[in-house]
There are 2 protein chains.
Amino acid sequence: MLKISKKADYALMALQHIASVQFGDLTPGRVVNTKEIAEEYNIPLELLAKVLQTLAKNGLIESHNGPKGGYLLARSTRQITIAQILEGIEGPLGITDCSHEKEGEPCLQRQHCNIRTPLLKVQDSIYQLLSNMTLQDMMGGTPLITIQSPTAQGVVQ
Amino acid sequence: MLKISKKADYALMALQHIASVQFGDLTPGRVVNTKEIAEEYNIPLELLAKVLQTLAKNGLIESHNGPKGGYLLARSTRQITIAQILEGIEGPLGITDCSHEKEGEPCLQRQHCNIRTPLLKVQDSIYQLLSNMTLQDMMGGTPLITIQSPTAQGVVQ
DNA sequence: CTTTAGTCCGACCTTATTGATCGGAGATCA
DNA sequence: TGATCTCCGATCAATAAGGTCGGACTAAAG
């Protein structure tokens, strides 16, 4: 339950990768294109492209067109929250349907609903959690260079 | 994003209702059947039945068959956590696919995955949140004893 | 003891959302 | 100017959710 979509997954991976390249020691400031990310992480190229387009439209990354083009982080890793990323891909956070219901399809249970208030509290807690976590927090723990613990499935394949 | 299913929604409503009847002042200990809940909250009868069956199978409520039958809470409201309810309906909590992946379909991104660890932390935080909240916490805000506005169907039948 | 009404329970179908794909238009560097 | 690379929209397939149907069981009433 409460599973995030694969698109969101891909978005997080891609942003982490772009960040690690952009602020890494090897080739800082380099522009990274879709194909590179897709091959590195085994993500369907066209789908990843669409995800990156969405992120660009939401102002999280900048797109540079033409040959030698690609994507670049729009701001620092500390200024990009996990909540922003997920919301950009999957739409606004909403534990329940009535979190932000549109006109024309009112909640049939609303009048006697007894769980709306506590659920909204839960939702708020989760939102704070995701808002307090930034892309920077995803860089520290498992940088690309780290050696994986041998005990935890040494061989992946 | 992160929306819970309607089944889970219905489960929460139903349990809250059963609890409020069972421990309420009007008719304490009364057994409540599916039809009563379905009509009260405008939930499709057959679907709600299925949800309650699942809850019974998971040991959250007890089913009593035959005429005058219905459902009863299996234990106190403080011993039923929101996490238990949601997991019973939607399966184990898993923010990402690789949270508990089966054999035969390994994560293609796993070998270079950079976001697994931080995401698992997020998942754990959410799980703690849902585990610390019990059915009792959903009772406080809007108990059934509250005076209902006369406009909203005063008679249950 | 038999009947009968009401309940639980499992399998099935339909619809909506996600995941993935294809082809074209625009932009930049050689 | 040409070629390459990217962005971008519309389209198709797979999966899961939402909802529905009929049978099996239980217990109370006659």
Side-chain angles (χ1 to χ4, degrees), chain A residues 1-11 13-14 18 30-39 41-72 86 89-92 94 96-97 102 105 107-109, chain B residues 1-11 13-14 18 30-39 41-72 74 86 89-92 94-97 102 105 107-109:
Chain A
M1 66 182 193
L2 290 182
K3 192 164 52 180
I4 64 177
S5 67
K6 285 202 170 183
K7 287 184 192 175
D9 250 359
Y10 297 156
M13 288 187 215
I18 295 176
R30 202 189 91 222
V31 180
V32 44
N33 62 9
T34 307
K35 192 179 177 186
E36 174 183 335
I37 303 177
E39 290 180 350
Y41 299 98
N42 285 305
I43 302 173
L45 180 64
E46 307 296 342
L47 181 56
L48 178 61
K50 200 174 160 187
V51 169
L52 292 176
Q53 290 162 25
T54 306
L55 290 177
K57 189 179 295 178
N58 284 97
L60 293 177
I61 54 179
E62 290 175 0
S63 68
H64 290 268
N65 220 334
K68 289 281 181 181
Y71 291 98
L72 218 60
L86 295 182
I89 299 295
E90 296 194 342
T96 176
D97 282 337
K102 318 149 197 170
E105 43 173 290
C107 175
L108 293 175
Q109 289 81 35
Chain B
M1 65 180 194
L2 290 183
K3 191 164 52 179
I4 64 179
S5 69
K6 285 202 171 181
K7 288 184 190 175
D9 250 358
Y10 298 155
M13 288 187 214
I18 295 176
R30 202 190 91 222
V31 179
V32 44
N33 62 9
T34 308
K35 193 178 176 186
E36 173 184 334
I37 304 177
E39 289 179 351
Y41 299 98
N42 286 306
I43 302 175
L45 180 63
E46 307 296 343
L47 181 55
L48 177 61
K50 198 174 158 188
V51 169
L52 291 176
Q53 290 162 25
T54 306
L55 291 177
K57 188 179 298 177
N58 284 98
L60 294 176
I61 55 179
E62 290 176 2
S63 68
H64 290 268
N65 221 333
K68 289 283 181 180
Y71 291 98
L72 218 60
L86 295 182
I89 299 295
E90 298 194 340
I95 289 290
T96 175
D97 283 335
K102 318 148 197 170
E105 42 173 290
C107 174
L108 293 175
Q109 288 81 36

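With dT7(C), dA27(D), dG19(C) as the choices, the nucleotide that has an atom nearest any side-chain atom of Pro67(B) turns out to be dA27(D). Taking every side-chain heavy atom of Asn65(B) into account, dT26(D) is the closest of dT21(C), dT26(D), dG26(C). Comparing dG9(D), dC7(D), dA20(C) against the side chain of Lys57(A) picks out dG9(D) as the nearest.
Taking side-chain N and O atoms only, Asn33(B) has a distance below 4.0 Å to OP1 or OP2 of dT7(C). Residue Thr34(A) has a polar side-chain atom (N or O) positioned under 4.0 Å from OP1 or OP2 of dC7(D). In terms of phosphate contacts, Ser63(B) brings a side-chain nitrogen or oxygen within less than 4.0 Å of OP1 or OP2 of dC9(C). Between Tyr10(B) and dG19(D) there is a side-chain polar atom (N or O) within less than 4.0 angstrom of OP1 or OP2. Between Tyr71(A) and dT6(D) there is no side-chain N or O to OP1 or OP2 distance below 4.0 Å.
One can place CG of Leu52(A) at 17 Å from P of dC5(D), the figure rounded to the nearest angstrom. For Leu2(B) and dT18(C), the CG to P distance is 12 Å, given to the nearest whole Å. In this structure, Leu86(B) places its CG atom 13 Å from P of dA17(D), rounding to the nearest Å. We find that CD1 of Ile4(A) is positioned 13 Å from P of dT18(C), with the value rounded to whole Å. When the P atom of dT6(D) is taken as reference, atom CD of Glu46(A) falls 11 Å away, rounded to whole Å. Rounded to an integer number of Å, the gap from CG of Asp9(B) to P of dG18(D) is 9 Å. In this structure, NE2 of His64(B) is placed 14 Å from P of dT26(D), rounded to the nearest angstrom.
Using a 4.0 Å heavy-atom distance criterion, Lys68(A) is classed as making no nucleic acid contact. Pro44(B) comes within contact range of the sugar-phosphate backbone alone, with a heavy-atom separation under 4.0 Å but no base atom that close. In this structure, Lys35(A) reaches neither bases nor backbone, as no heavy-atom distance under 4.0 Å exists between it and the strands shown.
Side-chain contact between Ile37(B) and Met13(B) is absent, with no heavy-atom pair separated by less than 4.5 Å.
Judged by distance alone with a 3.5 Å cut-off, a donor-acceptor contact links the side chain of Lys50(B) to the base of dG19(D).
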